[in-house]
Amino acid sequence: MNTLCAEPSLPYRAEQRLNKLRRVRAGEGVHNLIFHAAMALLPFKEDWQISAALQEAVANCGREVPDREIDEAIESAHRYSDGCVSSRNAAHQKWPPVNAELRKKVIRDAGVNLDGLRNESAISLTAPATEQIIDLLFPDNPLLCIGETKTVFSTRPREAFRGALSSRQFIVPSPMSKIRGLTKAGRPSDHCLDNTGPRKFAVVEFDTGSADEHAALLWHLRCELGAPLVLAVHSGGKSLHGWFYCEGCPEDQVAGFYRYCVSLGADRATYTRSQFVRMPDGIRDGKLRQSVHYFDPTPLKGGSK
């Protein structure tokens with residue numbers, strides 16, 4: 001199943017609604033425009049594709065838009081459209097709901113907690129190790145998009161950030177294709193889908209449950225994509241981010257992997273290829289270390305653990 005950006009152009013009305021949402025800024029009716037864009041997309045896209053499109057459209061609106069707000073907008077659009085919830089749900093495949101029983105089983109059977117995940121790490125790091133990690137993840141000085149915040153960011157060659165990365169919060173987990181691209185609304189930006197290169201890492205975030213549960217889930221997932229777990233990064237808050245090396249994987253395979261992750265309670269926002277994730281061993285809000293609990297760069301060198 002392909003991503004929205006890889007599919008044919010949307011009809012004019014739907015594209016117009018999305019463009020309007022891309023232009024809006026916090027305080028100008030973001031919430032209302034999310035609903036109207038969801039309504040316009042319903043006849044043409046599955047719910048999980050609508051969610052990804054809306055996430056991308058509001059990425060630079062100036063405020064955090066939680067998944068819950070987008071979910072509720074899509075559900076409201078279904079209820080409103082033709083007054084028929086059931087027929088719409090049958091026609092549009094949603095992101096799967098959390099399978100609580102499967103999640104419990106996976107955690108129980110994984111046999112790894114956070115300490116166990118640390119023990120499995122191939123490299124022992126001394127913080128801050130951001131520069132060392134990024135050199136291994138992204139060799140040969142590619143273009144990277146780095147964020148001090150979600151609204152203050154730049155795309156530059158890796159070497160332009162040398163010495164500064166351990167104080168940054170965010171990174172796009174794939175090299176960028178060019179320094180600046182155009183948003184769907186036609187605005188130049190250092191951070192958009194247009195200048196994000198092919199996916200190199202599939203980053204999976206769990207933010208419900210304990211850190212031990214997150215570690216168990218990531219350990220389980222290392223076998224599910226045919227792509228290895230390379231990195232596990234704490235958000236500095238309550239979640240754990242797993243980086244899975246997926247360079248060259250077909251996008252429909254990656255999409256299926258994310259759907260399975262969502263069924264285990266993962267945040268689907270990181271499916272969007274340009275989505276910021278936490279900088280490994282960086283600093284959150286100027287004070288909280290985004291610690292690395294697991295790192296195995298062996299697969300990046302063509303080997304396997």
Side-chain angles (χ1 to χ4, degrees), residues 1-26 28 30 33-34 37-38 40-41 44-46 48-65 70 134 137-138 140-161 168-203 243 246-252 254-255 258 268-279:
M1 193 173 294
N2 294 327
T3 57
L4 182 66
C5 63
E7 296 182 355
S9 298
L10 288 165
Y12 174 76
R13 180 176 177 275
E15 191 61 52
Q16 185 182 46
R17 292 287 190 182
L18 273 179
N19 283 336
K20 191 170 183 180
L21 182 59
R22 291 174 185 124
R23 292 191 297 268
V24 74
R25 293 295 176 264
E28 297 175 352
V30 173
L33 288 177
I34 291 173
L41 290 170
F44 312 107
K45 300 297 174 186
E46 297 175 357
W48 69 273
Q49 294 174 305
I50 296 172
S51 178
L54 296 177
Q55 287 277 4
E56 182 273 330
V58 299
N60 298 318
C61 74
R63 72 168 175 86
E64 193 77 23
V65 178
I70 287 177
I134 296 302
L137 296 179
F138 302 106
D140 303 323
N141 199 32
L143 292 174
L144 299 179
C145 185
I146 306 297
E148 296 182 38
T149 68
K150 288 188 176 180
T151 57
V152 179
F153 49 78
S154 62
T155 293
R156 299 289 183 271
R158 184 267 177 271
E159 288 299 330
F161 296 109
R168 299 296 190 263
Q169 290 195 73
F170 299 110
I171 183 171
V172 173
S174 297
M176 309 302 281
S177 60
K178 51 191 173 183
I179 288 179
R180 183 163 290 185
L182 293 177
T183 67
K184 294 293 180 65
R187 296 190 309 274
S189 175
D190 283 20
H191 178 217
C192 58
L193 280 173
D194 181 48
N195 72 327
T196 302
R199 198 187 300 270
K200 184 171 186 179
F201 296 98
V203 177
W243 290 50
C246 66
E247 190 169 33
C249 287
E251 190 61 23
D252 59 347
V254 176
Y258 271 102
R268 59 187 167 276
T270 53
Y271 174 69
T272 302
R273 189 162 35 91
S274 58
Q275 179 77 12
F276 273 138
V277 298
R278 292 289 168 179
M279 175 69 74

Check the pair Arg278, Gln169 against side-chain contact (heavy atoms from CB on, under 4.5 Å), reporting the backbone distance first and the verdict last.
CA-CA 6 Å; Arg278 292 289 168 179; Gln169 290 195 73; 2.9 Å; yes

Minimum heavy-atom distance Asp190-Ser154, with the two atoms named:
OD2-CA, 3.4 Å

To the nearest 0.5 Å, what is the distance between CZ on Arg199 and OG on Ser274?
9.5 Å

Atom CZ in Phe161, atom CD1 in Ile171: separation rounded to 0.5 Å?
8.5 Å

Heavy-atom closest pair (Cys192 atom, Met176 atom, distance to 0.1 Å) is O-CE, 4.3 Å

Grab the two heavy atoms, one from Leu18 and one from Ala53, that are nearest each other, plus how far apart they are.
CD2-O, 4.3 Å

Minimum heavy-atom distance between Ile179 and Leu143, given as atom pair plus value
N-CD1, 3.7 Å

Charged N to carboxylate O below 4.0 Å: is that the case for Lys178 and Asp194?
yes

Check whether any side-chain heavy atom of Phe153 sits under 4.5 Å from a side-chain heavy atom of Val172, and report yes or no.
no

Does some side-chain heavy atom of Val277 sit less than 4.5 Å from a side-chain heavy atom of Phe201?
no

Between Asn19 and Arg23, is a side-chain contact (heavy atoms from CB on, under 4.5 Å) present by the stated rule, with each step listed?
CA-CA 6 Å; Asn19 283 336; Arg23 292 191 297 268; 3.6 Å; yes

Where is the tightest heavy-atom contact between His191 and Cys145, given as atom of each residue plus distance?
CB-SG, 3.7 Å

Quick one: does any side-chain atom of Gln49 pair with a main-chain N or O of Glu46 as donor and acceptor, under 3.5 Å?
yes

From Leu144 atom CG to Met279 atom CE, the distance as rounded to the nearest 0.5 Å
8.0 Å

Examine Trp48 together with Tyr271 and report whether their ring centres are nearer than 6.0 Å.
yes

With no hydrogens and no angle check, is any side-chain donor or acceptor of Arg187 less than 3.5 Å from a backbone partner on Arg22?
yes

Would you name the heavy atoms of Ile70 and Ser51 that are closest together and state the gap between them?
CG2-OG, 3.9 Å

Just by distance, do the side chain of Arg273 and the backbone of Gly197 share a donor-acceptor pair under 3.5 Å?
yes

